[in-house]
Amino acid sequence: MGTAIVPARDMRPMRSEHGSVLAHITANEGPRHALLIDPAKQAPDVAARRALAAVERGTRLILVGGSTDTPDDVVHATCVEVQEALELAATAASQDPMGDEARWQVPVVLFPGGAHALSPAADGILFMMLMNSTDRRFLIEEQARGAPFVRRFDLDTVPTGYVVMAPGGEVGRVGQADLVSPDDEARVEGYANAGAMYGFRLLYLEAGSGADEPVRPGLIRTASAVPGLVVMVGGGLRDGHAVRAAVEAGADWVVTGTLIEDADAGPALHAALDDVLSGLS
Ligand code: 1GP
């Protein structure tokens, strides 16, 4: 962690409005969409515009992070810009009789690649164990390095089991995952149950950013049958059809990242988001 960033509650203007991030993520509200913003892939102001476009269309969570070694100041700048944009939109909505202020009360949550990618301007963090990593760094060491900062920054933590499926992509490689093969439901059953028994509340099934094939429905079905876990699915979800398949298999959250990186902030982005969100209903 760098030393330039200091915790400051007022960096999280939305926080008091939406309450606990854990409560938001585990709420029984039907399937929802999370937008993943990789701070290394665009300037903070572009990230903020993309987040606004998504939230306007119904996205209920902004995840900030990625598998790359993004420095914390870049992560932080993105969190600040997204938070400010959401706050402005919420304020504008509160002053408009037809406005829907609650729509803009969406938490900004870290999806860290390691202890380096933290920011006090986030509302919370997916505090993850990469359960099928062969490298203890991703099982506990990065977490142990980052935890004091998470505590100091007063971030809400969401205890999360993160499991990487084939093809796995960059996160599978960097995280040295022993990839779960697309039909290995028994292995997912094991990770899901072990995660629940550790007290994890969220299980994130990851196919890898930009994956040719998203996580197969059988694996999602297996994970979602385990009591006490909210299931998040990401990697290779590019359209409403793929999202619908994940949701029908039991995904509580679907995550898309690449989709918005390929589109600009204009009509192409809006069309891509509309298509993905159409898969939720
Ligand atoms: C990656 O699951 C996320 O961690 C999102 O994947 O970039 O393929 O949407 P995509």
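Both ligands and their constituent atoms are indexed starting at 1 by order of listing.
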Problem set entry | Heteroatom proximity flag, E206 to ligand 1, N/O under 3.5 Å | yes
Seminar exercise, completed: One finds that the ligand 1 atoms under 4.0 Å from a non-hydrogen atom of G235 are 2 (O), 3 (C), 5 (C), 6 (O), 8 (O)
Exercise. What do the steps show when you test D178 against R187 for salt bridge (charged side-chain N to carboxylate O under 4.0 Å, His left out), and what is the final call?
Worked result: CA-CA 11 Å; D178 175 16; R187 227 174 133 205; 3.3 Å; yes
For this session: Find out whether V109 and H24 are in side-chain contact, i.e. whether some heavy atom of one side chain is under 4.5 Å from a heavy atom of the other.
Result: no
For this session: Taking the side chain as every heavy atom from C-beta outward, state whether V46 and R50 have any atom pair closer than 4.5 Å.
Result: yes
For this session: Consider only side-chain N and O atoms of H116 and T70, and report whether a donor and an acceptor are under 3.5 Å apart.
Result: no
For this session: Consider ligand 1: state whether an atom of it lies below 4.0 angstrom from any non-hydrogen atom of L259.
Result: no
Exercise. Which of the atoms of ligand 1 are close to G236, meaning less than 4.0 Å from one of its heavy atoms?
Worked result: 8 (O), 10 (P)
Seminar exercise, completed: Counting heavy atoms under 4.0 Å, the part of T258 that contacts ligand 1 is both
For this session: Using distance alone, decide if ligand 1 has a nitrogen or oxygen within less than 3.5 Å of any nitrogen or oxygen in L237.
Result: no
Exercise. Which atoms of ligand 1 are found less than 4.0 Å from any heavy atom of T256?
Worked result: 9 (O)
Problem set entry | Check against side chain to side chain contact (heavy atoms under 4.5 Å, CB included), L229 and L202 | CA-CA 5 Å; L229 284 176; L202 180 67; over 6 Å; no
Exercise. Are V171 and ligand 1 in contact, using a heavy-atom cut-off of under 4.0 Å?
Worked result: no
For this session: Indicate, as side chain, backbone, both or neither, the part of E261 found under 4.0 angstrom from ligand 1 when only non-hydrogen atoms are considered.
Result: neither
For this session: Check each of G169, A242, G257 against atom 9 (O) of ligand 1 and report the one with the nearest heavy atom.
Result: G257
Exercise. Going by heavy atoms in the side chains, are V243 and L280 under 4.5 Å from each other?
Worked result: yes
Exercise. Under 3.5 Å, side chain of Q143 to main-chain N/O of M128, donor-acceptor pair present?
Worked result: yes
Problem set entry | Side-chain (R57) to main-chain (A53) donor-acceptor, under 3.5 angstrom | yes
Seminar exercise, completed: Nearest non-hydrogen contact to atom 8 (O) of ligand 1 from the set G210, G113, A211, G65 belongs to G210
Exercise. For atom 3 (C) of ligand 1, what's the nearest protein heavy atom and its distance?
Worked result: Y204 OH, 3.4 Å
